[in-house]
Amino acid sequence: MRRERERVDMMAEWCNTEVMLSVVGGKWKLLIIRYLLLGTHRFGELKQAMSTITQRMLTRQLRELENDDLVSRTVYPEVPPRVEYALTEAGESLRGIIGELDAWGSWYRQHQKARVRDDDQAATET
């Protein structure tokens with residue numbers, strides 16, 4: 001059984017990082033938001049963009065993001081039904097942060113490659 005997350009408004013005032021991690025933490029939420037920063041997407045498009053996420057997990061993460069007012073869900077009265085996901089104003093506010101995290105990820109990847117290269121070079125010299 002899944003444990004309920006503590007309500008954000010009930011969290012300690014002094015730990016805003018805990019609030020942030022509670023709302024966008026985990027493996028998938030920032031990736032979902034990153035794709036939605038590119039524009040409105042349907043469920044299948046998001047699933048295709050993140051091929052290793054299960055349908056159940058994507059559904060769960062989208063629901064949580066919607067409950068936290070970061071993502072809006074629009075259902076069109078068509079047959080078959082069409083559902084689109086977009087960022088809310090609160091979701092859009094993460095644009096700069098996600099850009100910074102992406103830049104850090106690029107830097108870190110290069111840092112790790114250089115470290116491995118240096119380790120390999122040191123091993124061959126001994």
Side-chain angles (χ1 to χ4, degrees):
M1 190 164 165
R2 197 160 165 255
R3 200 185 87 174
E4 285 296 314
R5 182 183 82 191
E6 183 180 1
R7 286 181 27 194
V8 170
D9 61 328
M10 301 300 283
M11 291 181 175
E13 288 289 327
W14 50 268
C15 196
N16 293 320
T17 302
E18 182 180 354
V19 171
M20 182 274 304
L21 287 172
S22 172
V23 175
V24 296
K27 182 176 180 177
W28 300 108
K29 288 183 180 179
L30 286 174
L31 290 173
I32 292 167
I33 293 167
R34 188 177 133 243
Y35 285 113
L36 290 175
L37 282 168
L38 301 173
T40 300
H41 291 288
R42 295 176 72 174
F43 184 90
E45 295 169 331
L46 292 169
K47 175 71 176 91
Q48 188 175 14
M50 297 174 285
S51 60
T52 58
I53 192 172
T54 65
Q55 184 168 335
R56 180 176 180 226
M57 180 58 71
L58 180 56
T59 299
R60 177 184 289 170
Q61 299 296 285
L62 286 166
R63 281 186 187 143
E64 288 178 12
L65 289 167
E66 186 179 3
N67 287 337
D68 288 326
D69 192 39
L70 297 178
V71 170
S72 66
R73 179 177 183 265
T74 305
V75 180
Y76 294 92
E78 301 173 353
V79 177
R82 178 170 51 115
V83 179
E84 293 182 339
Y85 296 91
L87 292 177
T88 63
E89 183 179 348
E92 279 286 339
S93 74
L94 293 166
R95 183 178 295 276
I97 295 166
I98 290 175
E100 289 292 320
L101 288 171
D102 190 60
W104 184 86
S106 177
W107 171 85
Y108 188 74
R109 180 189 309 249
Q110 295 306 313
H111 172 74
Q112 288 299 95
K113 284 181 182 179
R115 194 178 123 221
V116 168
R117 186 176 55 245
D118 291 347
D119 289 350
D120 289 348
Q121 188 176 17
T124 58
E125 290 174 358
T126 56

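The number of heavy-atom neighbours closer than 6.0 Å to CZ of Arg63, taken from other residues, nucleotides and ligands shown, is 12 or below. Enclosure of atom CD in Glu89 is not indicated, since only 12 or fewer non-hydrogen atoms of other residues, nucleotides or ligands lie within 6.0 angstrom. Under a cut-off of 6.0 angstrom, the local environment of CD in Glu45 is crowded, with over 12 non-hydrogen atoms contributed by other residues, nucleotides or ligands. Atom CD of Glu78 is surrounded by more than 12 heavy atoms from other residues, nucleotides or ligands within 6.0 Å.
Looking only at atom types and distance, the side chain of Arg115 has a donor-acceptor partner in the side chain of Gln112 under 3.5 Å away.
Trp104 and Val24 are members of different hydrophobic clusters when ILVMFWY side chains are connected at heavy-atom separations under 4.5 Å. A chain of hydrophobic side-chain contacts below 4.5 Å, direct or via other Ile, Leu, Val, Met, Phe, Trp or Tyr residues, connects Leu21 to Leu31. Using a 4.5 Å cut-off between side-chain heavy atoms of Ile, Leu, Val, Met, Phe, Trp and Tyr, with links allowed through other members, Leu36 and Leu38 fall into the same hydrophobic cluster.
In plain terms, the two heavy atoms of Lys47 and Ile53 that are nearest each other are NZ-O, 2.6 Å.
Classified by interplanar angle (parallel below 30°, tilted 30° to 60°, perpendicular above 60°), the ring pair His111/Trp107 is parallel.
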| said: For a salt bridge (Lys or Arg N to Asp or Glu O under 4.0 Å) check, start with the C-alpha distance between Arg95 and Glu92, then their side-chain angles and the critical distance, and finish with the verdict. | reply: CA-CA 6 Å; Arg95 183 178 295 276; Glu92 279 286 339; 2.9 Å; yes

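Note: Arg60 CZ to Arg56 CZ = 4.5 Å, rounded to the nearest 0.5 Å. Taking CG of Leu30 as the reference point, atom CG of Leu94 lies at 7.5 Å (rounded to 0.5 Å). Separating the CG atom in Leu46 from the CD1 atom in Ile32 is a distance of 7.0 Å, to the nearest 0.5 Å. One distance of note links CH2 of Trp28 with CE of Met50; it measures 7.0 Å at 0.5 Å rounding. Interatomic distance, CE of Met57 versus OG1 of Thr52, reported as 11.0 Å (0.5 Å rounding).
Put simply, the side chain of Tyr85 never gets that close to the backbone of Leu62: no donor and acceptor are under 3.5 Å apart. With Ser22 contributing its side chain and Glu18 its backbone, the two residues share no donor-acceptor pair below 3.5 Å. A donor-acceptor pair under 3.5 Å is absent between the side-chain atoms of Ser106 and the main chain of Ala103, judged by distance alone. Between the side chain of Ser72 and the main chain of Leu87, no donor-acceptor pair closer than 3.5 Å is present.
Screening Leu65, Asp69, Leu70 for a side-chain contact (heavy atoms from CB on, under 4.5 Å) with Val23, the sole residue that qualifies is Leu70.
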